[in-house]
Each structure stands twice: as C-alpha cells, then as structure tokens.
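Data block below; observations after.
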Amino acid sequence: QVQLVESGGGLVQAGGSLRLSCAASGRTISSYARGWFRQAPGKEREFVAAISWSGGTTYYADSAKGRFTISRDNAQNTVYLQMNSLKPEDTAVYYCAASLGSAGTVVAGRVNYWGQGTQVTVSS
C-alpha cells in the first residue's frame, strides 16, 4: 500500500508563493505518474498539474499555466508544486495523486492513490 502525505500549505497574501510537497511512503513509486488536484468549497475537485514518471512530460490546467511548476525527485519519492503569483481564487484543499498510467492518465483523473489534502488559503 502507498501513502501520500502533502505538506507546505498555509495562508499567504495574494501575489505570494507557496511550495507544496507530497512524499510517498509504503513503497517506491518512481514509475508512477504524479499530479496535483484541488477542491474549493462548494466546487468539484479539479486537475491542477501532472508529471510523468521521468519528469519529461508535464501538463497544467489553464489556471495554473505560467504560475505553477510541478517537479519531482524520484530518489526522495516526492513531488512538488511551486505556486507563484497566487490569487484568492487559488484557495482550496490541494490533493496529491499518483497513477500507474501516464501523466495523461492523471489529467483524466484515473488515479490509484490520493493524499489527504493540504489547505491553501490566499487572502486578498
């Protein structure tokens, strides 16, 4: 079994930055595609970013392009989401995901493992 644990969330002012981390434990999942989703109050969970097992392919939601960067360190079994120029509409619980398929599989929401989520709040 794989456990995904997010960290790095918090309260930040608009225009600020946060770096989320998601560490995997239980077994090595370096061959899994990884990604990030978010869910704002009263809204459905939505895709944010995905990265292939090698890190060579990345996908971003339109809302994240140019502001967020996904990366991974397979030696540490960890994936990161660097979020810059944050806006109040980025406020949500951010969830880490892992998929046996491709990064495109993550984009489609076909995920094998989810983290428990970390709260990001952006004040105006």
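This structure is a prediction, so every number in the text was calculated from the model and none was measured. Below, all heavy atoms of this structure are taken into account, side chains as well, without hydrogens, waters or symmetry copies. Along the sequence shown, residues carry numbers from 1.
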Practice problem: Applying side-chain contact (heavy atoms from CB on, under 4.5 Å), run through L4 and I29 and close with a yes or a no. | Solution: CA-CA 10 Å; L4 302 177; I29 59 169; 3.9 Å; yes

Taking atom [atom1] of [X] and atom [atom2] of [Y], what is their separation to the nearest 0.5 Å?
X	Y	atom1	atom2	answer
Q119	L11	CD	CG	9.5 Å
Q1	S25	CD	OG	10.0 Å
N74	S54	CG	OG	8.5 Å

Any sub-3.5 Å donor-acceptor pair from [X]'s side-chain atoms to [Y]'s backbone N or O?
X	Y	answer
T105	R110	no
S102	G104	yes
R45	Y95	no

Quiz item: Which ILVMFWY residues can you reach from Y94 by hopping between side chains whose heavy atoms are under 4.5 Å apart?
Solution: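 In the cluster with Y94 are V12, L18, L20, W36, V48, I51, Y60, F68, I70, V79, L81, M83, L86, V120, V122.
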
Which heavy-atom pair separates [X] from [Y] by the least distance, and what is that distance?
X	Y	answer
Q82	S17	NE2-CB, 3.9 Å
A103	A50	O-CB, 3.7 Å
A24	R34	CB-NH2, 4.2 Å
A33	V106	CB-CG2, 3.7 Å
A97	V111	CB-CG1, 3.6 Å
E6	G117	OE1-N, 2.9 Å

Exercise. Can you label the angle between the F37 ring and the F47 ring as parallel, tilted or perpendicular, going by 30° and 60°?
Key: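 The rings of F37 and F47 stand perpendicular, inter-plane angle above 60°.
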
Quiz item: Any side-chain heavy atom of Y80 within less than 4.5 Å of one from S21?
Solution: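 A side-chain contact exists here, since the closest heavy-atom pair is under 4.5 Å.
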
Quiz item: Should the pair D62-K65 be classified as a salt bridge under the 4.0 Å nitrogen-to-oxygen rule?
Solution: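 Yes.
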
Practice problem: Report whether V5 and V2 are members of the same hydrophobic cluster (ILVMFWY, side-chain heavy atoms less than 4.5 Å apart, transitive linking). | Solution: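 Different hydrophobic clusters.
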
